Each structure stands twice: as structure tokens, then as C-alpha cells.
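Read through the structure below, which is laid out as C-alpha cells, and then see the notes.
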Protein chains: 4
Amino acid sequence: MPIMVLSFQPVLELIAEEIRGLGDRGRPADYIPALAAGDPHRFGMAVAELDGTVYGVGDWQQPFSAQSVTKVYTLALALAHEGELLWEHVGREPSGNPFNSLVQLEYENGIPRNPFINAGALVVTDRLHRLTGDASGALRDFLRAESGNADLDFDRDVAASETAHGDRNAALAHFMASYGNISTPVPTLLREYFRQCSVETSCADLAVATGFLARHGIRADGSRLLTRSQAKQVNAVMLTCGTYDAAGDFAYRVGLPGKSGVGGAIIAVVPGRCTLCVWSPGLDARGNSVAGVTALDRFTTLTGLSVF
Amino acid sequence: MPIMVLSFQPVLELIAEEIRGLGDRGRPADYIPALAAGDPHRFGMAVAELDGTVYGVGDWQQPFSAQSVTKVYTLALALAHEGELLWEHVGREPSGNPFNSLVQLEYENGIPRNPFINAGALVVTDRLHRLTGDASGALRDFLRAESGNADLDFDRDVAASETAHGDRNAALAHFMASYGNISTPVPTLLREYFRQCSVETSCADLAVATGFLARHGIRADGSRLLTRSQAKQVNAVMLTCGTYDAAGDFAYRVGLPGKSGVGGAIIAVVPGRCTLCVWSPGLDARGNSVAGVTALDRFTTLTGLSVF
Amino acid sequence: MPIMVLSFQPVLELIAEEIRGLGDRGRPADYIPALAAGDPHRFGMAVAELDGTVYGVGDWQQPFSAQSVTKVYTLALALAHEGELLWEHVGREPSGNPFNSLVQLEYENGIPRNPFINAGALVVTDRLHRLTGDASGALRDFLRAESGNADLDFDRDVAASETAHGDRNAALAHFMASYGNISTPVPTLLREYFRQCSVETSCADLAVATGFLARHGIRADGSRLLTRSQAKQVNAVMLTCGTYDAAGDFAYRVGLPGKSGVGGAIIAVVPGRCTLCVWSPGLDARGNSVAGVTALDRFTTLTGLSVF
Amino acid sequence: MPIMVLSFQPVLELIAEEIRGLGDRGRPADYIPALAAGDPHRFGMAVAELDGTVYGVGDWQQPFSAQSVTKVYTLALALAHEGELLWEHVGREPSGNPFNSLVQLEYENGIPRNPFINAGALVVTDRLHRLTGDASGALRDFLRAESGNADLDFDRDVAASETAHGDRNAALAHFMASYGNISTPVPTLLREYFRQCSVETSCADLAVATGFLARHGIRADGSRLLTRSQAKQVNAVMLTCGTYDAAGDFAYRVGLPGKSGVGGAIIAVVPGRCTLCVWSPGLDARGNSVAGVTALDRFTTLTGLSVF
């Protein structure tokens with residue numbers, strides 16, 4: 001029988017204690033130097049309640065590179081601006097293939113499977129940039145407002161490093177442009193995309209900033225970003241597509257909408273209840289934080305707060 | 001704001017009224033004569049509460065061919081018998097490809113992506129048959145006990161028709177056997193598999209029989225079939241893989257664990273609250289009942305009972 | 001400058017001498033016991049002139065399992081019986097994938113890429129069996145007549161062993177049957193197919209029996225099997241598709257139409273001049289005899305008898 | 001029985017007459033305006049003997065855009081400069097997929113299947129540019145010298161048009177760069193590549209300029225470009241990979257090493273005997289000139305000059 005939770009703090013302490021005993025913690029992403037230096041023994045976790053009350057443990061205030069976790073916020077912003085039309089440019093089905101795959105993109109005429117594979121995130125950034133004229137700025141402003149951290153910003157070194165190793169994303173962007181599914185010039189699009197990935201933030205910031213998805217679309221200041229239906233939809237896409245080709249396994253083990261990044265962060269949502277962010281840089285073969293997934297698994301088991 | 005539900009009956013009536021005005025209802029499956037005769041204007045829907053109280057509308061007591069919906073019960077039975085070892089033989093990731101695809105099976109050495117594509121269901125049937133000696137009998141007995149309908153049975157004509165058109169499933173079974181992932185002789189396995197698909201049942205029966213998944217694993221008689229964790233896992237696999245290659249779209253629109261069959265039925269689970277079965281024989285291009293998905297979409301919108 | 005050849009005997013002696021010094025000779029096929037016992041140090045080679053004069057070296061009279069080399073003769077017989085209509089059931093393009101691949105078969109609606117991948121050979125056998133009522137008998141009679149060896153026959157143990165390990169070919173046959181591209185009952189088709197593969201023969205037999213392809217379609221007894229155009233076509237298909245997914249490399253190195261088998265044999269044709277058969281059981285990663293390809297490479301280099 | 005040829009002129013006249021009666025001639029390539037204007041009723045054909053004597057019919061002196069036909073000369077030049085090491089960067093197997101496919105490139109770690117698909121030609125251009133510092137200049141100089149036409153040059157409008165529609169080739173180049181298989185900066189590489197494709201030439205020029213492949217590697221001035229073995233290899237790659245995914249069919253029908261371009265030209269080689277160039281802008285679904293393939297088919301049938 002799951003325990004009844006009065007405060008999340010003891011649960012986080014218990015999980016952190018268990019994680020200390022965890023054996024294999026995976027390896028940090030190594031495709032850019034800034035990430036390769038990550039220490040798999042670092043671990044932080046935060047839970048934010050609907051009103052913004054936040055609980056944390058370990059390195060929960062330690063800054064890290066948000067990477068693909070930002071795809072959730074960019075999606076929410078693009079959906080808020082463009083509505084249903086967005087789905088003419090990007091699908092919402094699991095990809096069933098590793099996250100950089102070009103195969104399905106070719107079979108499906110340049111329409112990426114979902115907004116959380118790189119190709120899909122490039123399309124979402126393209127739409128947001130077209131609508132706002134400043135996709136990365138819109139993301140930064142949103143995260144500052146929702147997290148309450150006015151110092152949150154891009155990490156220029158990380159963005160520069162991504163750009164220097166950006167041939168694969170350039171290939172994706174040119175490929176989709178050849179199908180007419182990109183409207184921003186490719187070099188501009190890549191600059192915006194890599195900036196977004198480079199956001200430096202913390203578990204505390206992200207747990208709080210994700211609150212709008214637990215509040216069915218309501219922002220921190222009480223205004224509405226997404227309709228109730230749109231918020232549900234973003235959560236659904238996170239559950240089915242948020243953890244690369246391990247989405248099924250994540251749903252099976254954790255049972256929450258979640259989104260991971262190669263920096264080692266994972267955010268998760270308990271609709272109507274709370275939001276979480278966990279961070280540990282060691283990744284498994286599919287690009288998800290080993291300690292992060294384990295911690296979320298323990299959280300839902302201990303609290304019974306799975307959507308299933 | 002979703003309405004507060006005292007009884008499900010008025011909601012069902014409202015949905016049935018809306019469905020009457022639905023334009024394109026798709027086409028019945030045409031690969032066997034028994035299904036091709038289905039009338040897309042037939043529609044039934046039932047909701048069962050945790051205690052077995054059942055509400056229905058339209059053709060909710062009309063018998064139909066359960067087809068792939070039975071894959072959920074076979075999975076639950078195999079999981080109850082074999083536990084975690086089952087996952088050495090079948091994965092739990094979305095396939096990202098149409099439901100008969102051999103491609104991934106080849107790239108992944110004969111281990112099907114999940115229990116709900118045909119290849120995966122053949123493997124689950126193989127495991128269950130190995131463990132019980134009578135896979136189809138175990139399924140029938142279970143469905144009779146859970147639904148309370150002692151007359152529930154296979155439709156021999158449908159099973160014979162499936163067998164006569166069974167080359168593709170025979171190909172899948174032999175292919176997996178070539179990788180050592182099938183232990184039952186292929187002709188026996190196919191007989192068991194086609195029998196399961198041929199179960200004749202109704203919305204009323206299936207809504208009630210699925211209750212164990214809303215009750216976190218507890219059967220109708222109060223005994224436990226699955227652990228709480230296993231019940232959660234089955235629900236997760238339904239959500240990410242239950243509707244062929246439209247699982248993302250189903251999660252996005254409906255937001256519930258669900259499983260469809262080419263007979264036109266779809267079952268769905270609101271964990272801790274209720275179970276549903278809807279039936280209408282007209283299918284969309286991806287094999288899911290058009291009116292069925294629409295009805296479930298309306299149900300979650302009207303009641304707010306999505307998992308997201 | 002290539003040497004001028006008066007007799008092929010000294011060339012064969014020279015090649016055999018070089019092969020004796022060859023290091024890595026690959027490994028015998030191991031999917032059935034009868035082949036796994038093959039010794040990679042065995043080596044035989046024969047050349048037959050248009051008039052049937054035959055030269056040989058090493059184990060050129062040693063019986064071995066012809067395996068896929070027989071696909072050439074089955075194709076020629078089916079083409080002689082059915083003419084151009086045959087190509088409605090099987091293509092003549094390189095597959096670009098390993099020889100058992102189901103992937104392209106799925107994308108191309110059950111029409112195999114070419115007659116020399118297993119799926120294609122099953123289709124050709126199906127056509128020949130439909131037209132003659134005895135596909136394997138037709139093949140045996142043809143090989144006896146063309147080689148002049150009246151004792152040439154199937155190896156029942158090999159055929160039985162193939163059948164016992166035949167799940168993958170059963171999958172292919174059922175899969176094509178599901179597209180309506182197989183008319184013989186699958187068990188009968190498999191029996192015929194495995195019998196053909198099991199033909200026991202020698203370099204001497206096969207070099208002589210292949211003569212009709214160097215004589216532009218004329219059989220050993222002077223009658224015509226294929227039109228000049230059809231003989232050219234069979235040679236073309238051998239060159240582009242005869243050595244699994246190494247056809248490009250074989251054309252590049254050897255420059256002759258050729259067909260290999262997992263028993264270690266390779267036949268090759270110098271149109272208008274002579275035919276060859278080489279045998280050595282050690283295979284490379286793509287299923288072609290290592291010493292066999294090397295010997296043919298040397299032959300064309302020493303004699304200048306490439307088609308290029 | 002094929003006719004004995006004293007002069008090629010009457011054969012060409014006969015073929016031109018037959019082509020005049022040809023019904024469906026396909027459609028010109030339409031991805032750039034410069035090609036879309038091509039008239040499928042234009043037709044030219046030229047044959048060059050080993051000594052440079054050239055025969056022609058129809059529009060055999062009409063300038064057209066050489067396009068992918070130039071890939072043969074670039075390959076020959078790169079092979080002459082780099083030798084066998086070239087094959088570490090590009091394969092020599094048929095692709096089995098349409099000519100722009102990214103799929104195999106992904107499965108095979110950025111090494112293109114052969115030098116005649118776009119990805120492979122980009123790699124060959126990259127190698128040649130690295131070795132000469134001026135890949136397009138090296139090609140132009142070579143074609144001028146071999147054809148004897150000092151005015152032969154690039155068409156700037158065509159090159160500009162290719163660049164403006166170059167997203168797919170940019171995607172290919174960046175994708176291979178992400179695997180480390182491109183050393184030239186992508187924008188430079190694309191400029192060189194599109195220049196090569198834009199060469200304006202004629203059947204007369206190309207038939208003569210291809211002579212080195214019929215002369216086993218010897219250039220027009222008697223010097224050696226390729227070893228006898230290398231010339232054989234280029235011919236082999238043309239036969240197995242020269243006509244996109246119709247190479248098998250081209251070998252079957254024509255039976256000569258050949259290379260086509262979307263401008264409507266096809267070159268072909270009868271080793272030791274002559275070279276051909278045919279041109280007609282109407283293409284079939286696989287990108288090869290309809291009248292061109294038909295004309296070559298007739299040529300080999302009438303003269304018996306197939307390699308098979």
C-alpha cells in the first residue's frame with residue numbers, strides 16, 4: 001500500500017539515500033566536451049507543489065545544461081501561439097527509433113514523428129521563431145517568469161560547442177527544408193535551436209517552471225498559457241515520446257509524463273498534484289539518466305502517484 | 001470545467017446522441033468475410049464502476065468479435081503466470097510501424113516490440129500456452145469469470161476464417177521461431193491464437209471484465225491477479241502501444257490506457273475509477289474504430305477523467 | 001598484359017598453387033550440421049570449354065552440396081517454360097540487403113527483388129512446380145543431362161536437415177503467400193525447394209552443366225533452352241545479383257557473371273568462351289567462398305577473360 | 001543472329017528511325033527550371049571507336065546538361081589520384097534504394113553504397129577536391145582534353161539553380177560530415193559538386209571522352225589514366241550501380257556498363273570495342289532516359305555487342 005504523503009521532503013530524503021547505494025550510474029554524454037565532464041555521482045531532485053512550494057534533496061540547486069528538457073517548453077509556447085495548425089508540421093506518435101533517426105523522416109516526407117525527437121524540435125523551433133521572431137528569447141523569458149529565477153540564461157560555451165558538432169542537426173534541418181517543412185534559414189534555425197538546448201538551470205528551477213502542466217495550463221501568475229485540453233495533450237506527448245526510444249519502458253516503470261535531456265535532467269508531471277525534476281549526468285544506452293529514472297521509479301512506487 | 005458525474009448514464013446518452021450525427025464512420029475490416037459484414041452505423045458503449053455496476057447505451061449488449069482486445073487479457077494472464085521473465089521474450093516499446101510489420105522484428109532478432117502487435121501477441125500466447133497447456137481455454141475461463149457471462153465463447157466460423165487467411169501470422173510465427181523465440185509448434189500456436197481472437201462478447205461483458213485493471217490487479221471475486229505494480233505496467237503498455245501506430249494520437253485525444261481490435265471494439269481504463277468498452281465496426285486507416293475513438297474522446301472531455 | 005591461353009590447365013595449376021598459400025579462408029556455413037563439417041582447406045576448380053572439354057585442379061571431382069548455385073538452373077528452366085511472365089512474380093534488381101531480408105519484401109508487396117535471394121528462389125520454384133508438377137525432378141533431370149553425370153542426385157540428409165531448420169524460409173513463403181505471390185501449398189513448396197538446394201555434385205559437373213549460358217542458350221545436345229536474349233538476361237542477373245549483397249564487389253574484383261552457394265561453390269560464365277566452377281567451404285561474412293572468389297579474381301586477372 | 005557491323009552509321013540511322021515511332025517518352029526532370037524545359041522528342045546518339053572515330057545521328061551535337069554522367073569521370077580522376085584508399089570512403093555495392101536515400105547511409109555509418117548515388121558522388125568530389133584543390137576544374141580540364149572540345153564548360157545558370165534547390169544534397173553532406181566522412185567545408189563541397197553536374201556537353205563529346213574506359217585506361221593522348229584493373233573496376237561499378245535503382249533492369253536489357261543523368265544522357269561502354277552516348281530528356285520513374293535506354297537496348301540487340 002503506498003504511503004500517504006504529508007510532505008514530499010521525507011520521500012526525497014529516502015530516495016536520495018537509496019540512490020547513494022546505486023551501482024552502475026551510466027556515462028555522461030560525450031559528444032561535446034561541456035557535457036562529457038559531468039560526474040555520474042552527482043544527484044539532485046526537486047518536487048514542486050501546485051502553489052510553487054518546492055522540496056529538494058542533494059544537488060537540487062546545482063546548475064546544469066537543460067538540453068532536450070527545454071523541448072517541452074518550446075512546444076508549449078509554439079502550441080500557445082499556433083494552436084492545432086502546429087500539428088500539420090510535426091506528428092505526435094512515438095518514433096520507435098533512436099532519437100536522431102533520418103529513416104522515418106524520409107518515409108514520411110519530412111514531417112517528424114513528434115516534437116521531442118531532434119527533427120521535431122527543429123520544426124517546433126522553426127514555427128516559434130516564425131511566430132515570435134525570437135524563439136530562444138521567448139523560451140528564456142518564459143523560463144525566467146515561471147521559475148522566478150531572473151538570472152536563468154543560456155550557456156554560450158555549450159551553445160558554441162553544440163554548433164561546432166552540429167552536422168547532424170544541420171542535415172536534419174536541410175533535409176526537412178527540402179520537403180518545404182522549414183521556413184527559417186537553416187543557419188539561423190540552428191543558432192536558435194542550440195541556444196535553447198544550452199539553457200543553464202537547476203532542479204529547483206525546472207520543477208517550479210513545469211508547474212503549468214500540472215495546473216492544466218495555468219502559468220505561475222495565474223494567467224492561462226494552454227487550454228485544459230492542450231495541457232493534457234502536452235502531457236500525453238511527453239508520456240508517449242518524452243524519453244527517446246525508451247518511452248514505453250519509462251511509462252512502464254515510472255508511469256508519469258516525463259522528458260529527459262542528455263545533460264542528465266528529467267522532468268515529470270503528476271497532473272493536478274505536483275511536478276518533479278531530477279538530475280544526474282550518467283546516461284543509459286538510450287540517453288536517459290540512470291539515477292534519474294531510478295529515482296522517479298521509486299517516487300511513484302513510494303507515493304502511489306502514478307497516472308496508472 | 002468538466003461536469004461532476006453522479007451517474008455515467010446521462011454522459012453515455014449524450015455521447016450516443018452526438019455519435020448519431022457523426023459523418024464518416026470508416027469501413028469495417030475486410031480481410032475476413034465475418035468482419036466485412038459489420039455495419040459502421042452500429043454503436044454501443046458501456047462503463048463499469050469498480051464494484052461491477054455497469055451503464056450502457058446503444059448496442060452495448062450486442063455480441064461482436066473481440067479480436068485484438070483479447071491481447072490485454074492474455075498479457076495479464078501470462079504476466080500473472082510468468083512475471084518479469086515474460087519481458088525477455090517481448091518488449092514494451094511502441095513499434096512506430098503498422099501492426100503487422102516484420103521490419104523491426106528482423107532488426108531486433110525476433111523479439112517483438114510489444115505484446116499488442118501481432119508478433120508480440122503470438123509470443124505472449126506461446127508463453128501462456130507453454131505455462132498452462134491451454135492458452136485459449138485459460139482466456140475463455142478468465143473472461144467468463146470476470147464478466148459473469150458463463151456463455152461467453154469462441155466463434156468457430158471466425159476462427160476458421162482467420163486460419164484460412166493466416167499466412168501473415170504464420171510468417172511471423174515461423175520467423176520468430178527461426179530466432180528461437182517460439183516454443184510451441186507453429187500450427188498449434190496459430191490455432192490457439194486465432195481462437196483467442198475469435199472470442200464473441202459485448203461492451204457490457206468487456207467493460208466489466210476489464211475491471212481488474214482499474215482495481216490495481218484485483219479480480220471480480222476479490223482475489224489478486226496482478227500486483228499493483230503489474231497492473232500499472234499493463235495500463236502503461238496499453239497507453240503507449242494499445243492502438244497500433246496511433247497510440248500517440250489516442251493518448252493525445254483520449255488520454256486513457258486503451259486497446260482496440262479490428263472488430264471495432266475499444267476498451268479503456270480510468271485507474272481507480274472505472275472501465276469502458278465502446279464498439280462500432282467502422283475503422284480508420286490505422287485500424288481503430290472511428291466512432292469508438294470519438295466516443296472515448298468525448299467521454300474524457302465531458303467527465304475530465306483523463307489520466308493527464 | 002594478360003597471358004595468352006592455349007590450355008586452361010597451367011592457369012588452374014598456378015591458381016591452385018597460390019591458393020595453397022592463402023591465409024584466412026573463412027568458416028563453413030554452420031546453420032545445418034551437414035555443412036558445418038566442411039573443411040576450408042579443401043579446394044577444387046574446373047573450367048569447361050564450349051565443347052565440353054573440361055580442365056580441373058585439386059578437389060575438382062569431389063562431391064559437395066550445390067545449395068544456392070542451383071538457383072541459376074531453376075531460373076533458366078522457369079524462364080524457358082514461362083518466358084517474360086515470370087518477371088511479374090520476381091524482380092531482377094540487386095537487393096542491397098542480406099540474402100534473407102524480409103524488409104524489402106514488405107515494402108514491395110511480396111515481390112522479391114531477384115531470383116537469387118531466398119524469397120526469389122522460392123517464387124521461381126513455385127512457378128516451375130506449377131508448370132511442371134515436379135520442380136526438383138526437372139532440375140535433377142536437367143543437371144544430369146547437361147553434366148553427363150547420370151548419378152547426380154539429391155542428398156536426403158541435407159534436405160532433411162534444411163527442413164528441420166527451415167523456419168525462416170517457411171516465414172518467407174507464408175509471407176509471400178499472404179500477398180498472393182505463391183500458388184503451391186507452402187509445405188510442398190518447401191520440400192521442393194530444400195530438395196533442390198541439396199543437390200550433390202562437383203566442380204566438374206557444374207562447370208560442364210553451366211555451358212548453356214556461355215553458348216548463348218544452347219544445351220549440351222545442341223537443342224536450344226533459352227533464346228540468345230534470355231541467356232544474356234540470366235547472365236546479367238547473375239552479375240548484378242549472384243553473390244548476395246557482395247555482387248558489386250564480385251563484379252569489381254572478378255568481372256564475370258557468377259553465382260555462389262553456402263556449400264562453398266561458385267559458378268561463373270565467360271560468355272562465348274567458357275564456364276567455371278570453384279569450390280572451397282570457407283565463407284566470408286557475406287556467404288561467399290573466400291578461396292573461391294580469390295581464385296576467380298586470379299583467373300580473370302591472369303587470362304584477361306573479364307567481361308569488362 | 002546479330003548483323004556484322006562494318007560501320008556503326010547504318011545501325012544508328014536504323015535506331016533513330018525506330019525511336020521516332022516510340023510512344024511514351026517519359027517526362028523531363030522538373031526539380032530545376034533549366035531541366036524542366038527539356039523536350040522529350042529530342043534525341044541524339046553517338047558511337048566512338050577506340051581511335052576516336054565518331055558516328056552520330058539526330059541531335060548528337062546538341063549541347064545538354066551532363067548531370068550525373070559526370071560522376072564517372074570524377075570517379076576515374078579520384079581513383080587515379082588516390083587508388084584503392086578511395087574505397088575506404090565509398091562502397092561499390094548497388095544501393096537497392098532510390099538515388100537520394102538516406103536510409104542506408106544511416107545504417108552504414110556515413111559510408112555511401114557506391115560512387116554513383118548522390119551521397120557517394122559527394123564523397124568522391126570531396127576526395128578529388130582534397131587531392132587537387134580544384135575538383136570541378138580537374139573535371140573540366142579532363143573532359144576538354146578527352147573530347148577535344150576546348151569550349152566545353154560549366155553552365156552557370158544550371159549550377160546556380162542546383163544550388164538554390166540544394167537542401168537535400170546539403171543534408172547528405174552534413175550527414176556524412178557528422179560521421180567524419182567529408183573533409184571539405186560543406187558549402188565549398190556543394191559548390192564544386194553542383195558545378196560538375198552543370199557541365200554542358202553533347203553526345204559527340206561524351207562518346208569520345210569516355211574512350212579511356214573502352215581502351216582499358218588509356219587516355220586520348222596515349223598516356224595511362226587508370227591501370228587495366230582500375231578501368232575494369234570502373235566499368236563494373238557502372239554496370240552494377242550506374243542507373244540508380246534500375247541497374248539490374250539496365251544490365252538485363254542493355255547488358256553494358258552505363259551511366260545515366262537526369263539531363264537525359266546515358267553513356268555506355270563496350271570494353272575493347274567502342275563507347276556510346278545517347279540523349280533524350282524524357283525520363284522514366286527511376287530517372288533514366290526512356291528513349292535512351294530503348295536505343296541502347298536496340299543497339300546491343302542489333303550488333304550483339306553486349307558484355308554477356
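Scope of the values below: all heavy atoms of this structure, side chains included, with no hydrogens, waters or symmetry mates. Fair warning: this is a prediction, and the values are worked out from it, not measured in the lab. Numbered from 1 within each chain, the chains take letters A, B, ... in sequence-line order.
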TODO: Taking the six-membered ring for Trp and the single ring otherwise, decide whether the centroids of C:Phe250 and C:Tyr244 are under 6.0 Å apart.
DONE: no
Open item on the list: Please identify, among D:Pro257, D:Gly272, D:Ala247, the residue contributing the most non-hydrogen atom pairs under 4.5 Å to chain C.
Closed with: D:Ala247
Task: Main-chain N/O of C:His216 paired to C:Arg228 side chain as donor or acceptor, under 3.5 Å - done: no
List the atom pairs, with distances to 0.1 Å, where a side-chain N or O of residues 234-241 of chain D and a protein N or O form a donor-acceptor pair under 3.5 Å, not counting sequence neighbours.
residue	atom	partner	partner atom	Å
D:Asn235	ND2	D:Leu213	O	3.3
D:Asn235	ND2	D:Ala231	O	3.4
D:Thr240	OG1	D:Ala236	O	3.0

Open item on the list: Looking only at heavy atoms and a cut-off of under 4.5 Å, which of C:Arg92, C:Lys232, C:Arg253 has the most pairs with chain D?
Closed with: C:Arg92
TODO: Could you tell me which portion of C:Val270 (side chain, backbone, both or neither) has an atom closer than 4.5 angstrom to a non-hydrogen atom of chain D?
DONE: neither
- [ ] Kindly say whether D:Arg113 contributes a backbone atom to a donor-acceptor pair with the side chain of D:Glu93 at under 3.5 angstrom?
- [x] no
Open item on the list: For the interface with chain C, which of D:Ala214, D:Gly255, D:Ala251, D:Ala246 has the highest count of heavy-atom pairs at distances below 4.5 Å?
Closed with: D:Ala246
- [ ] Tell me the residues of residues 290-299 of chain C whose non-hydrogen atoms fall below 4.5 Å from those of chain D, in number order.
- [x] none
Task: Step-by-step salt bridge (charged side-chain N to carboxylate O under 4.0 Å, His left out) determination, C:Arg127 to C:Glu82 - done: CA-CA 8 Å; C:Arg127 302 309 302 170; C:Glu82 190 158 26; 2.8 Å; yes
Open item on the list: Hydrogens and angles aside, do C:Ser260 and C:Asn288 bring a side-chain donor and acceptor to less than 3.5 Å of each other?
Closed with: yes
TODO: Please answer whether the main-chain N or O of D:Leu14 pairs with a side-chain N or O of D:Glu17 as donor and acceptor at a distance below 3.5 Å.
DONE: no
Task: Candidate list D:Thr303, D:Val11, D:Thr275, D:Leu12, test side chain to side chain contact (heavy atoms under 4.5 Å, CB included), partner D:Val47, passing option - done: D:Leu12
